[in-house]
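Notes to accompany the following structure.
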Amino acid sequence: MVVLASTPAVDHIPLLRSPVPGDYFSGMPVVDLSSPGAPRAIADACERFGFFKLVNHGVPADTMDRLESEAVRFFSLPQADKDRSGPAYPFGYGSKRIGLNGDMGWLEYLLLAVDSASLSGACAVPSCALFRAALNEYIAAVRKVAVRVMEAMAEGLGIAAVDALSGMVTAEGSDQVFRVNHYPPCHALQGLGCSATGFGEHTDPQLISVLRSNGTSGLQIALQDGQWVSVPSDRDAFFVNVGDSLQVLTNGRFKSVKHRVVANSLKSRVSMIYFGGPAMTQRIAPLPQLLGAGEQSLYKDFTWGEYKKAAYNSRLGDNRLAQSHR
Ligand code: GA4
């Protein structure tokens with residue numbers, strides 16, 4: 001982390017070394033969802049990195065573009081109007097503060113609840129009908145992609161029941177969240193060799209996260225040796241990452257990847273992320289089909305509700321799974 005004497009605009013936002021061309025991730029697994037080899041390629045990427053890029057996913061570019069332009073329109077509203085859609089917790093508009101325990105980032109966002117395949121009816125924001133329609137269309141499509149990916153994961157792991165994993169997000173009462181992030185350009189740090197932290201390093205507590213962003217880079221993942229690499233942006237693809245709960249269900253075979261976002265000094269970044277979590281009462285423990293003879297679970301038993309509660313009481317960068325290790 002870089003420490004600067006005083007730059008009021010970014011006060012309280014941790015700074016990071018700016019990415020340089022050599023940081024780009026050259027070994028990115030790219031999975032073609034329409035190919036017969038997808039299940040094996042997905043399982044392999046989840047074991048090695050907990051992360052991959054997904055192409056040929058079948059979601060029309062229009063669906064993605066419509067949501068992006070509605071999001072841009074929302075984030076361009078006067079601050080007072082956006083604040084009327086807050087606070088972010090449990091759901092709504094938030095700016096700079098992430099979670100409830102003091103984490104800060106150079107971003108504004110909408111955190112939204114998903115009921116089955118669309119925005120929860122109880123979710124008051126966003127109030128604009130066009131934005132809501134774009135969100136519902138996109139959420140239905142991205143959720144289908146998440147289900148197909150989880151079915152492929154089960155196949156790639158050699159599990160006979162195709163819905164062993166996907167069934168947890170399609171189940172009644174599953175806990176799905178959607179967030180739209182806007183990282184404005186951080187002009188104050190231009191040319192200083194450091195960048196504002198957009199979203200600090202963390203792992204996602206859920207099973208799976210499916211991200212789409214505009215053409216602005218900023219996402220970085222940590223490789224297993226701890227090295228941070230930048231993910232080249234691709235507005236036509238999805239980026240999928242394994243969450244903590246999926247790491248536990250696979251008894252550590254799939255890796256919940258540490259990731260973060262570095263704000264750009266010139267361009268704004270917009271990302272939209274679907275987080276697939278199970279029902280609150282779902283037990284999170286290694287699937288019996290994945291435990292070899294005599295193999296024990298590496299983790300203490302917990303339900304998703306218990307894990308989520310502990311996660312929301314933690315700081316963003318905490319190693320939440322470490323507490324769950326036996
Ligand atoms: C990370 C994944 C999702 O964005 C999120 C985040 C949540 C939040 O922004 O409120 C958390 C973070 C995320 C993990 C630890 C806690 C909760 C912020 C934080 C400090 C919506 C989620 O489910 O967990």
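Indexing begins at 1, ligand by ligand and atom by atom, following the structure's order.
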**OP:** Say whether R320, considering both its backbone and side-chain N or O atoms, lies within less than 3.5 Å of an N or O atom on ligand 1.
**Re:** no

**OP:** Give the residue and atom name of whichever protein heavy atom lies nearest to atom 10 (O) of ligand 1, and the separation in Å to one decimal.
**Re:** Y89 OH, 2.6 Å

Original post:
Which residue supplies the protein heavy atom nearest to atom 9 (O) of ligand 1, what is that atom called, and how far is it?
Top reply: R179 NH1, 2.8 Å

Subject >> Atom indices of ligand 1, in the order listed, that fall short of 4.0 Å to a heavy atom of I98 >> reply: 9 (O), 18 (C)

**OP:** May I ask you to identify the nearest protein heavy atom to atom 12 (C) of ligand 1, giving residue, atom name and distance to one decimal place in Å?
**Re:** L316 CD1, 3.9 Å

Original post:
Do the side chain of T203 and the main chain of D244 share a donor and acceptor less than 3.5 angstrom apart?
Top reply: no

Subject >> ligand 1 contact by K308, heavy-atom criterion under 4.0 angstrom >> reply: no

**OP:** Verify the distance criterion only: is there a donor paired with an acceptor across the side chains of S209 and D204 at less than 3.5 Å?
**Re:** yes

**OP:** Please name the residue in the list M153, E151, E155 that meets the side chain to side chain contact (heavy atoms under 4.5 Å, CB included) test with P39.
**Re:** E155

Original post:
Nearest protein heavy-atom contact for atom 2 (C) of ligand 1: which residue, which atom, what distance?
Top reply: D204 OD1, 3.3 Å

Original post:
Would H325 and L298 satisfy side-chain contact (heavy atoms from CB on, under 4.5 Å), going step by step from the backbone distance to the final call?
Top reply: CA-CA 6 Å; H325 259 277; L298 297 173; 4.2 Å; yes

Original post:
Are any of the N/O atoms in D103 less than 3.5 Å from those in ligand 1?
Top reply: no

Original post:
Is the Y109 to H182 ring centre distance short of 6.0 Å?
Top reply: no

**OP:** Could you verify whether a donor N or O on one side chain and an acceptor N or O on the other, from D23 and S230, lie under 3.5 Å apart?
**Re:** no

**OP:** Quick one: do K53 and D236 satisfy salt bridge (charged side-chain N to carboxylate O under 4.0 Å, His left out)? Show the steps, please.
**Re:** CA-CA 10 Å; K53 171 169 159 171; D236 300 322; over 6 Å; no

Subject >> Numbered atoms of ligand 1 (with element) below 4.0 Å of Q206, judged on heavy atoms >> reply: 22 (C), 23 (O)

Subject >> Steps toward side-chain contact (heavy atoms from CB on, under 4.5 Å) verdict (L223, F25) >> reply: CA-CA 10 Å; L223 302 180; F25 186 24; 3.8 Å; yes

Original post:
How far is atom 3 (C) of ligand 1 from its nearest protein heavy atom, and which residue and atom name does that atom have?
Top reply: F275 CZ, 3.5 Å

Original post:
Tell me: protein heavy atom nearest atom 16 (C) of ligand 1, and distance?
Top reply: A311 O, 3.4 Å

**OP:** Mark up the atoms of ligand 1 that fall under 4.0 Å of a heavy atom belonging to S314, in ascending order.
**Re:** 20 (C)

Subject >> N or O contact, Y312 vs ligand 1, cut-off under 3.5 Å >> reply: yes

Subject >> Any donor-acceptor N or O pair under 3.5 Å, side chains E295, N251 >> reply: yes

Original post:
Which is it for R73 and E70 under the salt bridge (charged side-chain N to carboxylate O under 4.0 Å, His left out) test, yes or no, and what are the steps along the way?
Top reply: CA-CA 5 Å; R73 198 205 308 265; E70 286 302 324; 2.9 Å; yes

Original post:
For atom 13 (C) of ligand 1, what's the nearest protein heavy atom and its distance?
Top reply: P205 CD, 4.2 Å

**OP:** Below 4.0 angstrom from a heavy atom of L111, which ligand 1 atoms are there? Numbered from 1 as shown, please.
**Re:** 21 (C)

**OP:** Tell me, please: is N101 in heavy-atom contact with ligand 1, that is, under 4.0 Å?
**Re:** no

